Amino acid sequence: MVCALGAALCYGTATVLQAMAARAAASDSGGPGDARSSEGSGGTPSSKGSDKGSGKGSGVDAALLWRAVRQWRYLAGLGLDGAGFVLQIVALRSLPIYAVGAALAASLAVTAVVAARLLRTPLTGVEWAAVGVVCAGLAMLGLSAGEEGDETGSTALRYAMLGVAGGILLLGAAAGGLPGRARALALGLGSGFGFGVVEVSVRLIEDLDPATLFTNPATYALLLGGGAAFLLLTSALERGSVTTATAGMVIGETIGPAAVGVVWLGDRTREDLAWLAVLGFAVAVAGALALARFGEAPVEAPVEAEPPGPASP
């Protein structure tokens, strides 16, 4: 569980750094004119500005990714993502997918706390309560989670993961036609599906012998799903708030993979503690989503000028 929580810490911090880099890259290319001010206030770049920067109807922006990787913050985020991925693999080799997925949902709490520091968006009492709820859910999972399932998964499941990974790119393209916040949420959701494919694919790769590894469909599902997830998440962060995009990611990377782990890979809980695992999973994910819902920094309303008084005689 320690490795899963360490991965959440890395991923949550990386999300904020990548958001800052993506918005700076969009601004440098003549994109949203208020991207930098949005970083300082925690606001969301307007959909009009996003359309100008990346082309209206474009869900996946590969050019944006190329510009972003030249930002030091994005590279630092990638480094943290790499460290988080290693910790995630270690966790998946010893814990059920549902426990790892819920622990990774805690990355949203990390995102909010780090964003409060780097993006200057102070957390409210509701946000701190949501962070506490997430921690409580993770504690329940830590007490109830059993060992990883002993099922290796079928060939059909491996090809299914590869098909889902390819479909994620189509989802990203279709999401470009959605307006504003819905587009950021859909791109974040697609990113979560991609990370979910990675979680399941790690469990479907049993033999690391090159001859077996390169003929295993799960290997290519892992690479395609991970690449698509990064691409969609980068586009989502440029088009909306950090918390909105990450909320979609949390949903996509927790519920589906957890079901696959229980139904097809044999994930179980400790004896007589299934109820606690279900409750902990629900509480952790609900707390993360509540944090995403209330994580928007309030935008100060413009002060209206007082109407001129009657002219003095």
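Each residue takes its place number in the sequence, starting with 1. All values reported here derive from a predicted model rather than from experimental measurement.
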Any pair with a residue in residues 156-171 that passes side chain to side chain donor-acceptor pair (under 3.5 Å), sequence neighbours left out, goes on the list, sorted by first then second residue, please.
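Found R158-N216.
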Under 3.5 Å: donor-acceptor pair, side chain of [X], backbone of [Y]:
{"X": "S107", "Y": "G12", "result": "no"}
{"X": "E127", "Y": "T124", "result": "yes"}
{"X": "T219", "Y": "T215", "result": "no"}
{"X": "T212", "Y": "L208", "result": "no"}

Indicate yes or no: at least one non-hydrogen side-chain atom of [X] is less than 4.5 angstrom from one of [Y].
{"X": "L80", "Y": "Y11", "answer": "no"}
{"X": "D267", "Y": "R203", "answer": "yes"}
{"X": "L276", "Y": "T269", "answer": "no"}
{"X": "R270", "Y": "S144", "answer": "no"}
{"X": "L5", "Y": "L9", "answer": "no"}
{"X": "V262", "Y": "R268", "answer": "yes"}
{"X": "V16", "Y": "V110", "answer": "no"}
{"X": "T254", "Y": "L104", "answer": "no"}

If every non-hydrogen atom of [X] is compared with every non-hydrogen atom of [Y], which pair is closest and at what distance?
{"X": "A221", "Y": "A165", "answer": "O-CB, 3.9 Å"}
{"X": "V90", "Y": "C3", "answer": "CG1-SG, 3.7 Å"}
{"X": "A99", "Y": "A145", "answer": "CB-CB, 4.0 Å"}
{"X": "V134", "Y": "A284", "answer": "CG2-O, 3.7 Å"}
{"X": "E199", "Y": "P257", "answer": "OE1-CB, 3.6 Å"}
{"X": "A7", "Y": "G84", "answer": "CB-O, 3.3 Å"}

Spatial distance of atom [atom1] ([X]) from atom [atom2] ([Y]) [nearest 0.5 Å]:
{"X": "L213", "Y": "Y220", "atom1": "CG", "atom2": "OH", "answer": "7.5 Å"}
{"X": "F193", "Y": "I255", "atom1": "CZ", "atom2": "CD1", "answer": "9.0 Å"}
{"X": "D81", "Y": "C10", "atom1": "CG", "atom2": "SG", "answer": "8.5 Å"}
{"X": "L185", "Y": "L178", "atom1": "CG", "atom2": "CG", "answer": "9.5 Å"}

Walk me through whether L224 and L169 qualify under side-chain contact (heavy atoms from CB on, under 4.5 Å).
CA-CA 9 Å; L224 182 59; L169 291 175; 4.1 Å; yes
Please answer: with hydrophobic residues joined when any side-chain heavy atoms are less than 4.5 Å apart, are [X] and [Y] in the same cluster?
{"X": "V133", "Y": "V113", "result": "no"}
{"X": "L204", "Y": "V263", "result": "yes"}
{"X": "M1", "Y": "M140", "result": "no"}
{"X": "L223", "Y": "L232", "result": "yes"}
{"X": "M161", "Y": "I205", "result": "yes"}

Would I168 and V197 count as a side-chain contact (heavy atoms from CB on, under 4.5 Å) if you check the C-alpha gap in whole Å, the side-chain angles of each, and the deciding distance to 0.1 Å?
CA-CA 10 Å; I168 291 169; V197 168; 4.2 Å; yes
Flag if over 12 foreign heavy atoms under 6.0 Å of CZ, R117:
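No.
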Please say which of L92, I97, V164 ends up in a side-chain contact (heavy atoms from CB on, under 4.5 Å) with V200.
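With V200 as partner, side-chain contact (heavy atoms from CB on, under 4.5 Å) holds for just one option, I97.
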Apply side-chain contact (heavy atoms from CB on, under 4.5 Å) to L118 and L17, showing your working.
CA-CA 9 Å; L118 297 183; L17 293 176; 3.9 Å; yes
Please assess L157 against V260 for the test side-chain contact (heavy atoms from CB on, under 4.5 Å), listing each intermediate value before the final yes or no.
CA-CA 9 Å; L157 181 59; V260 172; 4.3 Å; yes
For F195, give me all partners under ring-ring contact (aromatic ring centres under 6.0 Å, His included), at least two apart in sequence or on another chain.
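ring-ring contact (aromatic ring centres under 6.0 Å, His included) list for F195, sorted by chain: F230.
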